[in-house]
Every structure is written in structure tokens, then in C-alpha cells.
Amino acid sequence: MPSQTLTVETEVAGSLAQEVAERSGQNLNACYQCRRCAAGCPVGDDTGVTPDRLIRMVVLGDRDAALNNLLVWKCVACYTCGTRCPNSIHTARITETLKQMIKEQHLEPMAPKVANFHSAFLASTSHFGRVNEMEFMAIYDFKTAVNELTKGGGLKAIIADLKNQMQLGQAMMKLKRFHISIDKIKGVAEVKRLYNKAMGK
Ligand code: SF4
Ligand code: SF4
């Protein structure tokens, strides 16, 4: 993987690192760049950014690089990095924090469909305490269609997306993994409270 040059912005380094550390609950300053996390990350090669590099960007205050890289969107939250880390730093919590910051700042996500998937998942789980596939797909498809219309993909791209979604829905139905009925968990109020707290509401 090619090495990247990181820009050090000393005036903002502290504030970015502090914000991400506070919101993610991870002690970024404990990272001594041993790269044990990098060796196990399943998406590091694909995204061009490994967990150690992401942490370095944040600690050095390179806001632009930290908020514009594919690891933030393609991290699968497998927690391999955190279990390997001698300092128990869980990068999945850092990528989740950076996703929220990107949304709050209305920045263009590098992977719009993943961003839509993420928003649809959070919305659906906050309503029912678990994903309702019907609602999830409706939110995801609506957001993706709006993206296609505003970003020039057009009607053709929307139809292709819907076709894919319908095929996926049919396959899930065959496997009994697609629930049409509303199925709430018992502690949905608690989930909503946690969701609102995480969203700063
Ligand atoms: S394993 Fe932990 S200490 Fe080592 S580089 Fe990764 S985050 Fe930093
Ligand atoms: S949790 Fe994310 S950053 Fe960590 S190893 Fe898994 S995919 Fe990579």
C-alpha cells in the first residue's frame, strides 16, 4: 500500500483529536503506531487507509483527510483492530464518530450508497429497536433515488437500483429474512433514548 503524506495543522490538531476522542470514547493518544490493527483489517487494502493511518490523521489534525477517506464508510465494524490493539483502541467507534461528523457538517460522503444504507439502518432501528426491512428499504431507496436525480444518474440509474432491490427483496423473502409486519423489541424506549443521546438530541 502506498504511504500517504499527512498534513500537520498544529492549531486544529488538538481540537479534532479531542472531539473524536470524546465522542468515540477512544484514547487516541495511546496509539503508538505499532500497526497490529492494520495487519488484521479486512478492508484496509481496498480503502487505501488502515486504522493506524486514520488515527494518525485525527491526532495530527488533518481534518480533510480524516473526513474524506473510504475507511470511514467501508469499515465493517468487525472489531478485529480493537481486539488486536495493545491499547484497546476500537477504530470502529472512530469511523462511526467520523460518519456522524460528516453528516452533521453536510459534507459529501465518499460512498453515498453506504451513507444512505447507514442512515436507513439507524432510522429503522431507532423506530423499532431492530431493523424493519420494509422501512429500511423504503428509506434507502428514497435517499438513493434523490442522489441519482440530483447527481445526474437519472431515471435509468434509479430503475436499475430499484430492480436490484426488488431482486434482493425476493431472495430475502425466500429465505424468510424479509419481515413485512412491524416487530418492535420490548426495550424500544431505551433504544430511542440511547439513539437520541448519541445524536446529541
Ligand atoms: S494496534 Fe493500537 S496502538 Fe497499534 S497502531 Fe493500531 S491503534 Fe495504534
Ligand atoms: S473494525 Fe473497521 S477498521 Fe477495524 S479491522 Fe474491522 S473493518 Fe478494519
Side-chain angles (χ1 to χ4, degrees), residues 1-10 12-105 107-126 129-131 136 140 143-144 168 177 191 194-195 197-200:
M1 187 186 311
S3 63
Q4 290 172 290
T5 306
L6 297 176
T7 311
V8 183
E9 298 173 20
T10 48
V12 296
S15 66
L16 178 66
Q18 193 179 348
E19 180 179 356
V20 175
E22 280 175 7
R23 293 181 63 164
S24 67
Q26 304 306 294
N27 182 6
L28 305 187
N29 288 328
C31 174
Y32 43 60
Q33 294 289 297
C34 67
R35 305 199 76 230
R36 286 187 65 178
C37 52
C41 178
V43 298
D45 280 344
D46 184 39
T47 60
V49 178
T50 44
D52 58 301
R53 301 298 295 172
L54 183 64
I55 291 168
R56 201 72 176 145
M57 290 167 187
V58 175
V59 170
L60 294 181
D62 194 343
R63 187 175 285 269
D64 195 39
L67 297 176
N68 292 288
N69 67 82
L70 280 175
L71 181 63
V72 168
W73 295 107
K74 293 198 172 180
C75 166
V76 291
C78 64
Y79 281 76
T80 303
C81 52
T83 51
R84 285 181 171 224
C85 175
N87 297 312
S88 301
I89 300 171
H90 291 285
T91 304
R93 295 186 189 161
I94 298 169
T95 54
E96 196 59 26
T97 298
L98 293 169
K99 279 191 197 87
Q100 275 318 122
M101 290 170 67
I102 290 166
K103 288 183 187 175
E104 286 164 10
Q105 293 171 34
L107 300 173
E108 192 68 41
M110 280 191 78
K113 286 190 178 179
V114 181
N116 293 342
F117 188 99
H118 183 259
S119 297
F121 182 86
L122 284 184
S124 188
T125 47
S126 73
R130 50 152 295 165
V131 168
F136 169 82
Y140 173 81
K143 283 179 176 288
T144 304
L168 181 63
R177 305 302 300 170
V191 170
L194 290 170
Y195 179 87
K197 190 177 176 191
M199 295 295 161

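Just so you know, ligand 1 is whichever comes first in the structure, and atom 1 is the first atom listed for that ligand. Quick note: residue numbers are just sequence positions, from 1.
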Legend entry - More than 12 heavy atoms of other groups within 6.0 Å of K103 NZ: yes

Inset, instruction - May I ask you to decide if the ring planes of Y79 and H90 are parallel, tilted or perpendicular, using 30° and 60° as cut-offs? - result: tilted

Inset, instruction - Using a 4.0 Å heavy-atom cut-off, say whether I55 meets ligand 1 through its side chain, its backbone, both or neither. - result: side chain

Inset, instruction - Run the numbers for me: atoms of ligand 1, each under 4.0 Å from some heavy atom of Y32, listed by number. - result: 3 (S)

Legend entry - Main-chain N/O of V72 paired to N69 side chain as donor or acceptor, under 3.5 Å: yes

Legend entry - Contacting atoms of ligand 2, where contact means under 4.0 angstrom from a heavy atom of Y79: 1 (S), 6 (Fe)

Legend entry - Where ligand 2 meets A92 - atom numbers and elements under 4.0 angstrom, heavy-atom basis: 1 (S)

Inset, instruction - With rounding to the nearest 0.5 Å, note down the distance linking CE in M57 to CG in L16. - result: 11.5 Å

Inset, instruction - Please confirm if an N, O or S atom belonging to C34, backbone or side chain, lies less than 2.8 Å from atom 2 (Fe) of ligand 1. - result: no

Inset, instruction - Going by heavy-atom distance to atom 4 (Fe) of ligand 2, choose the closest among C85, C81, P51, C75. - result: C81

Inset, instruction - Keeping the roles fixed (side chain from S124, backbone from A120), state whether a donor-acceptor pair exists under 3.5 Å. - result: no

Inset, instruction - Considering the heavy atoms of N87, write down every atom of ligand 1 situated less than 4.0 Å from one of them. - result: 3 (S)

Legend entry - Per-atom contacts of ligand 1 with D52, taking only distances under 4.0 Å to non-hydrogen atoms: 5 (S)

Legend entry - Close-contact set for ligand 2 against V43 heavy atoms, below 4.0 Å: 7 (S)

Inset, instruction - Count the heavy atoms of every other residue, nucleotide or ligand shown that sit under 6.0 Å from OH of Y195, and state whether that count exceeds 12. - result: yes

Inset, instruction - Would you mind checking if K99 and E96 are paired as a salt bridge, meaning a charged N to carboxylate O distance below 4.0 Å? - result: yes

Legend entry - Spacing of L28 atom CG and Q18 atom CD [to the nearest 0.5 Å]: 11.0 Å

Legend entry - Part of C78 within contact of ligand 2 (heavy atoms, under 4.0 Å): both

Legend entry - Atoms of ligand 1 close to P86 [distance to a heavy atom under 4.0 angstrom, numbered from 1]: 1 (S)

Legend entry - Distance from atom 6 (Fe) of ligand 1 to nearest protein heavy atom, with residue and atom: C37 SG, 2.3 Å

Legend entry - Atoms in ligand 1 flagged as close to R35, the criterion being non-hydrogen separation under 4.0 Å: 4 (Fe), 5 (S)

Legend entry - Protein heavy-atom partner closest to atom 8 (Fe) of ligand 1 - residue, atom, separation in Å: C31 SG, 2.4 Å

Legend entry - Interatomic distance, T95 atom OG1 to L54 atom CG [nearest 0.5 angstrom]: 7.5 Å

Inset, instruction - With rounding to the nearest 0.5 Å, note down the distance linking CG in N87 to CD in Q26. - result: 11.0 Å

Legend entry - Residue, atom name and distance, where the atom is the protein heavy atom closest to atom 7 (S) of ligand 2: V76 N, 3.4 Å

